[in-house]
Amino acid sequence: MAESVYDHDQIELKWQQRWAANPALYKADAASDASAAPKYYVVEMFPYPSGRLHMGHVRNYSIGDALARYMWMRGYNVLHPIGWDAFGLPAENAAIKRNMHPQDWTRSNIQEMKKQMLRMGFAYDWATEIATCEPDYYRWNQWLFLKMFERGLAYRKKAMVNWCPECATVLANEQVIDGCCWRHETTPVEQRALEQWFFRITEYADELLKDTYDKLEGGWPERVLSMQRNWIGRSEGSEIDFAIEGSSEKIRVFTTRVDTIYGATCVILAPEHPIAQALLDDAGKAKAKHLIDARKQQGPGELIKDGAPTGHYAINPYSGERVPIWIGNFVLMDYGTGAIMAVPAHDERDFDFCTTFGIPIRSVIRPVDGALDENPKAAFCDYGITEKSGEFSGLPSADARRKMNEFAEAKGFGKAAITFRIKDWGVSRQRYWGTPIPMIHCPKCGLVPVPEKDLPVTLPYNVKFTGRGRSPLAEVPEFMNVKCPTCGADSQRESDTMDTFVDSSWYFYRYCDPRNTSAPFDSAAVAKWFPIDQYIGGVTHAILHLIYSRFFTKVMRDLGLITNSEPAQNLFTQGMVLGSDGSAMSKSKGNVVDPEEMVGKYGADTCRLFVLFANAPEKDMPWIESSVGGPRRFLERVWRFVTRNAERTADAEWVAAEGSSDADRRALRKLHQTISKVTEDFDNRWHFNTSIAALMELMNRLYEDEASLSRAALDQILPNVTLLLAPFAPFIADELWEQLGRTGPAFRQPWPQWDAELAKEDLLEIPVQVNGKLRAKIIVPIGTPQAELEKLAQADAKIQPLLEGKTIAKLIVVPDKLVNIVVR
RNA sequence: GCCCGGGUGGCGAAAUCGGCAGACGCAACGGACUUAAAAUCCGUUUUUCCGUAAGGAGAGUGUGGGUUCAAGUCCCACCCCGGGCACCA
């Protein structure tokens, strides 16, 4: 075979067809006897089927694919599935804006994206493909919902939603832009209270937090863990009851600084607090409503503190003091108890609020080594020593907190308490394109779950999408009208659908048993594959998806469905792909690059190599298309080298060089060093940019000595180069493999082994420093002993003059590394 | 404000455990090949100064200090950029 031209289209289309003809190619081995290969379960976060693959996907899936192929070559039994996160708002927006049915739109997008993925050559087992919008998947969302309802983990309560008065509809958070509706940019969004469904994730808050330390540390990126810990936001403090003067009701406040309670000069309620609503007159209620709506419209960080007195008073249970009760916009209803005691002397926010409204400031904590500041200009928030605190005076903050908690408990007006920042997960969406919540509202029996045998509750197809009014499902009588399963009375279905994060919270379990019609999955099938060995996705999901799926795992464990407590042993978060302007690629910025264009021009192999070569995968990747020539030229060089050397025998020049063992030695040494380098990159840190750089170095070396390489050396070099390339550029690898006369897919060959002896350099260049400055280099055999290095370094022609007339104070010799002579 | 990342040539980046800073690639320039161009192959490319040259001397990883024989790497303080959270009591 002679050198030929690298024609990516011809090669890649040929292999795409061959692979498609063999669907078992990327199938995991179902056999589970002890002698079988060890399992490896690698999952990349499944995409939302927008219709087009974007560069972020290409990056994510190229990383995962390289890993999957490598693990196959290392002899593992690899499960590498893919699916579609197919429910969601964009489908509905498309319906409103372009009059396309969400289901048709979604299904055709899936077909389109699947085509693109096949073109990229990703090694997925398509037999496991799932789409969350199909009833055979979402029925198990409903089934899990019912199980959670049975256990009290799914419940209903009133909650605020964004409401656009113009559309007369509920808006998702992402449809609210600067406090206004996405379709009416001058209409402020209002807050309305609706009965909605929640998952009791707070029940698992402690375990979710604890396992970030006990189970995930080491396997998950530290920054993801720290984001989750902040999100869970565990906080130790006290709950204290303030009696309301002239009422039997009490206001319960949460504070982390009960030691400052003698400095409390008012109690502040969230405007929506039920007690506030009871205490306020009509004018006060109007003010409260104003505070609530205004808060939503203000961007984060710019809320100006506002509030009003209720005209009522509360009694400090420690001091017996009478303090005014206020409402304040900075007090959050859904954190703690929705009420605080304001201690302006020792809390910045309270200081701010109280100075605005002329509420007194009283210091009760002094610095450990200072005096009490009676007229503070700012809040003193550090721990210190209590003063003016009755019987608790003179104690360090920590002791005061403990004693005061004990006191409150003994007297029955309070206790030590732990509060979490994380809230129960609101799963109701007033939307069409999601999983119907399997509940029935019966006028007689109340809330009745849909019996399991009636699942799935399927989405009706004929629905009008006006973008107005309540949930679209509520307008479909055939869907809504149903007999109560308990008493048979005319009833209404729940018209809300589930948050799409429900779909993605357990999809990787379904992959293990994707066509099961009698359960979400077979427990034994899951036990075989879980936990996921490697989960890969964007850091954008660091909190929501990754905490919800951890929650689901714990719930499913407690339901007896699975035995693992965490879904993924290892998590890898890749960086974003940035546009040429350095900001995230987005349609609105117009800096999006379509992978398909690039694949057309350069081929999928080049495209994959390009995204992996640009930089380390966990870092954000700036998009500089002009550098794509590098990876492309590299593949061309590999192609030419392998094709023209595959059968080279009768070349006179070459025959003459047959004895040239130096070239062989150098080439083989580089080959084995490269195998070692690429293997280490896979095993330790996935810096594929350096793996590919190493392959490029190898090619450069091979070109240099090409004419002198022996047949024997080439017979070792050519197949190994091909195999080293296989995880990154599967098309060219399979083609070259075939051209080398081999059979079977390249990614199923054993991964090349390196020979440490062959990889070893025999001569080393050792830098010689004088006083830390590089002055000379000596060439020595590897392993030259310390004494010998000392002698050689001092004898060097460049070093000697520098030593003349000086005394050697110190001689540092690191064998095979460097010599440093310290002179005086 | 708090919590994470990060700052290295004209550009993307390497430097994995404190040991030769700039591997690999892009762009640029030069050479070979060619009637010519493209492609390809080979070479140069951090920077300043001295030298006709071979070569030599110095500086250099955001800034300022420190530890060390030796610092991009460790410590302290600060500046800038990106991301997350943001009145969480």
Side-chain angles (χ1 to χ4, degrees), chain A residues 5 221-227 229-231 233-235 237-238 253-258 260 268 295 300-305 328-332 334-343 346-350 352-353 419-423 539-540 542-543 575-576 578 582-584 610 613-616 618-631 633-634 636-637 640 677 680-681 684-685 687 689-700 703-704 706 765-774 776-777 798 809-814 816-823:
Chain A
V5 174
E222 202 46 48
R223 73 168 159 155
V224 171
L225 295 180
S226 110
M227 278 162 88
R229 286 166 193 153
N230 287 335
W231 186 259
R234 186 177 192 274
S235 163
S238 324
V253 304
F254 175 75
T255 177
T256 53
R257 291 298 302 274
V258 69
T260 66
I268 310 175
R295 178 162 59 193
E302 58 201 34
L303 186 72
I304 295 156
K305 287 195 177 52
N329 62 347
F330 71 103
V331 179
L332 306 174
D334 46 15
Y335 181 76
T337 60
I340 64 162
M341 61 175 198
V343 185
H346 303 296
D347 182 286
E348 268 177 48
R349 296 153 302 179
D350 298 348
D352 194 8
F353 186 83
T419 290
F420 291 93
R421 204 190 78 108
I422 192 171
K423 292 158 199 149
V539 71
T540 38
I543 302 178
M576 285 185 298
L578 306 177
S583 59
F610 175 60
F613 180 62
N615 65 354
E618 73 273 12
K619 293 192 181 152
D620 288 348
M621 171 189 168
W623 187 262
I624 296 159
E625 185 147 352
S626 59
S627 2
V628 71
R633 271 190 287 274
F634 166 66
E636 288 170 356
R637 277 162 72 79
R640 282 195 303 269
K677 166 75 183 154
E680 270 171 36
D681 276 342
N684 299 330
R685 49 174 212 169
H687 281 199
N689 52 336
T690 60
S691 312
I692 293 164
L695 286 165
M696 287 173 168
E697 281 185 61
L698 171 62
M699 254 4 259
N700 292 345
Y703 264 64
E704 226 167 287
E706 183 174 358
E765 207 183 41
I766 305 268
V768 180
Q769 300 177 338
V770 176
N771 287 346
K773 286 197 172 144
L774 180 66
K777 289 178 179 182
K798 281 182 185 159
K810 207 167 185 183
L811 202 52
I812 288 120
V813 181
V814 185
D816 293 344
K817 278 282 182 202
L818 105 173
V819 177
N820 188 8
I821 306 170
V822 185
V823 295

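By convention in this document, chain letters (A, B, ...) are assigned in the order of the sequence lines, proteins followed by strands, and residues within each chain are numbered from 1.
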Same-atom distance ([atom1]) from [N] to [M], integer angstrom:
| N | M | atom1 | answer |
| --- | --- | --- | --- |
| B/rG56 | B/rU67 | C1' | 33 Å |
| B/rG6 | B/rA13 | P | 13 Å |
| B/rA86 | B/rA15 | P | 35 Å |
| B/rG60 | B/rU48 | P | 15 Å |
| B/rU34 | B/rA59 | C1' | 45 Å |
| B/rU47 | B/rU61 | P | 15 Å |
| B/rG7 | B/rU63 | P | 13 Å |
| B/rG66 | B/rC11 | P | 30 Å |

Any side-chain heavy-atom pair of [X] and [Y] under 4.5 Å:
| X | Y | result |
| --- | --- | --- |
| A/Ile812 | A/Gln769 | no |
| A/His687 | A/Glu618 | yes |
| A/Lys773 | A/Asn771 | no |
| A/Val768 | A/Lys798 | no |

[X] vs [N]: side-chain N/O to OP1/OP2 distance below 4.0 Å:
| X | N | result |
| --- | --- | --- |
| A/Thr690 | B/rA13 | no |
| A/Lys817 | B/rG19 | no |
| A/Asn689 | B/rC24 | no |
| A/Asn615 | B/rG12 | no |
| A/Lys619 | B/rG7 | no |
| A/Arg229 | B/rC85 | no |

Of all the nucleotides listed ([options]), which has the minimum atom distance to the side chain of [X]?
| X | options | value |
| --- | --- | --- |
| A/Asp681 | B/rA89, B/rU16, B/rG25 | B/rU16 |
| A/Met696 | B/rC24, B/rA14, B/rC85 | B/rC24 |
| A/Asp347 | B/rA89, B/rC4, B/rU16 | B/rA89 |
| A/His687 | B/rA15, B/rA13, B/rC20 | B/rA15 |
| A/Arg421 | B/rA89, B/rG12, B/rA86 | B/rA86 |
| A/Ser226 | B/rC3, B/rG19, B/rC69 | B/rC3 |

Tell me the interatomic distance from [X], atom [atom1], to [N], atom [atom2], rounded to whole angstroms.
| X | N | atom1 | atom2 | result |
| --- | --- | --- | --- | --- |
| A/Leu774 | B/rA71 | CG | P | 13 Å |
| A/Glu697 | B/rA14 | CD | C1' | 10 Å |
| A/Glu680 | B/rA15 | CD | P | 12 Å |
| A/Leu818 | B/rA71 | CG | C1' | 13 Å |
| A/Ile268 | B/rC87 | CD1 | C1' | 11 Å |
| A/Gln769 | B/rA21 | CD | C1' | 12 Å |
| A/Trp231 | B/rG84 | CH2 | P | 12 Å |
| A/Asp620 | B/rG7 | CG | P | 12 Å |

Under 3.5 Å side-chain donor-acceptor pair for A/Arg637 and A/Asn700: yes
Nearest non-hydrogen partners of A/Ala694 and A/Lys677, listed with the distance: CB-CG, 3.6 Å
Do you know which two heavy atoms are closest between A/Arg421 and A/Tyr335, and how far apart they sit? CA-CE1, 3.7 Å
Classify the nucleic acid contact of [X] as base, sugar-phosphate or nothing, counting any heavy atom under 4.0 Å across all strands shown.
| X | answer |
| --- | --- |
| A/Ala616 | sugar-phosphate |
| A/Val331 | base |
| A/Glu765 | base |

For nucleotides 41-44 of chain B, which of its nitrogen or oxygen atoms have a protein nitrogen or oxygen under 3.5 Å away, and what is each distance?
unit_1	atom_1	unit_2	atom_2	d
B/rC41	OP1	A/Arg637	NH1	2.7
B/rC41	OP1	A/Arg640	NH2	3.0

Is it the case that over 12 heavy atoms from other parts of the model lie below 6.0 angstrom from the CD atom of A/Glu348? no
Classify the glycosidic conformation of B/rC17 as syn or anti, calling it syn when the angle lies within 90° of 0. syn
For B/rG9, does the O4'-C1'-N9-C4 (purine) or O4'-C1'-N1-C2 (pyrimidine) torsion place it in syn, i.e. within 90° of 0, or in anti? syn
Using Watson-Crick or G-U wobble geometry with both distances below 3.5 Å, tell me the partner of [N], or none.
| N | answer |
| --- | --- |
| B/rC29 | B/rG43 |
| B/rU52 | none |
| B/rU8 | none |
| B/rC85 | B/rG1 |

Classify the side chain of A/Lys677 and the base of B/rU16 as holding, or not holding, a donor-acceptor pair under 3.5 Å. yes
Applying the side chain to side chain contact (heavy atoms under 4.5 Å, CB included) criterion to A/Phe330, which one of A/Ile304, A/Asp352, A/Asp350 satisfies it? A/Asp350
Starting at CG of A/Leu774, measure out to CG of A/Asn820 and round the result to the nearest 0.5 Å. 10.0 Å
Walking RNA chain B from its 5' end, the first of A/Val224 and A/Lys305 to be reached, judged by nearest nucleotide, is A/Val224
Residue mapping more 5' on RNA chain B - nearest nucleotide basis, A/Ile812 or A/Ile422: A/Ile812
Apply salt bridge (charged side-chain N to carboxylate O under 4.0 Å, His left out) to A/Arg229 and list each qualifying residue two or more places apart in sequence or on a separate chain. A/Glu217, A/Glu222
